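Structure first, then comments.
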Amino acid sequence: MVESYQGPVYGAVFGVLRDPTWARDVTTQVFVRAYYALPRYEGQGFKTWLMRIAVNLAIDEKRKEERQVRLSLLVQGEPTFVHTQTASPEQQVLVWEQEAEMQRRLSELPAGYREVLVAYYFEEKTYQEIAEELQVTVKTVETKLYRARQWVRKHWRKEEW
């Protein structure tokens, strides 16, 4: 499978990521993911199925990287002006303004709520990972996240979140 499809999969992944090293790593992940998904393969259009896995994984990886970069800059208190090939200057300014507003909004949250919201929604950590990091129980994380959502609903208008 790898020998037959490595070239096309790498090409699809590289087309999304535009980084040869990263594309090679993600290409490897594609074949691992495809191997574990084989029991769910329905026997039609194997190459199409494999390429869909490749493109989806590449997009997910790119989004995860962008979120991590934005979050790290956001936590440091710096604007995260994003340079993309397709974004116009107006779109870039809009992104910067939205992120500055998000930073301001996050700073309004009580610290205990902010840390679980950031960990869960921005860093995409599981309840278990957050609990281990904060050295609390999973139930405590669930409670803090529930209360943080309640706080947001109470203090922010719906269109603001």
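Keep in mind that this is a model prediction, so the values were computed, not measured.
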Original post:
Do other residues, nucleotides or ligands put more than 12 heavy atoms under 6.0 Å from the CZ atom of Phe46?
Top reply: yes

Original post:
Has the side chain of Tyr41 got a donor or acceptor atom that lies under 3.5 Å from a matching backbone atom of Gln44?
Top reply: yes

Subject >> Flag, side chain of Thr140 to backbone of Val136, donor-acceptor distance under 3.5 Å >> reply: no

Subject >> Euclidean distance, Tyr10 OH relative to Thr28 OG1, rounded to 0.5 Å >> reply: 11.0 Å

Original post:
Can you tell me how far the OG atom of Ser4 sits from the NZ atom of Lys47, to the nearest 0.5 Å?
Top reply: 10.5 Å

Subject >> Validation row, ring centre Tyr127 to ring centre Tyr120 under 6.0 Å >> reply: yes

**OP:** Kindly say whether Glu129 contributes a backbone atom to a donor-acceptor pair with the side chain of Glu132 at under 3.5 angstrom?
**Re:** no

Original post:
So, Gln150 versus Arg147: side-chain donor-acceptor pair below 3.5 Å or not?
Top reply: no

**OP:** Any chance you could measure Trp151, atom CH2, to Leu117, atom CG, to the nearest 0.5 Å?
**Re:** 9.5 Å

Original post:
For the atom pair CD (Glu133) and NZ (Lys125), what is the distance rounded to the nearest 0.5 Å?
Top reply: 3.0 Å

Original post:
Atom CD in Gln29, atom CD1 in Ile53: separation rounded to 0.5 Å?
Top reply: 12.5 Å

Original post:
Any side-chain heavy-atom pair from Phe14 and Arg24 closer than 4.5 angstrom?
Top reply: no

Original post:
Given side chains that start at C-beta, do those of Leu57 and Val13 come closer than 4.5 Å, heavy atoms only?
Top reply: no

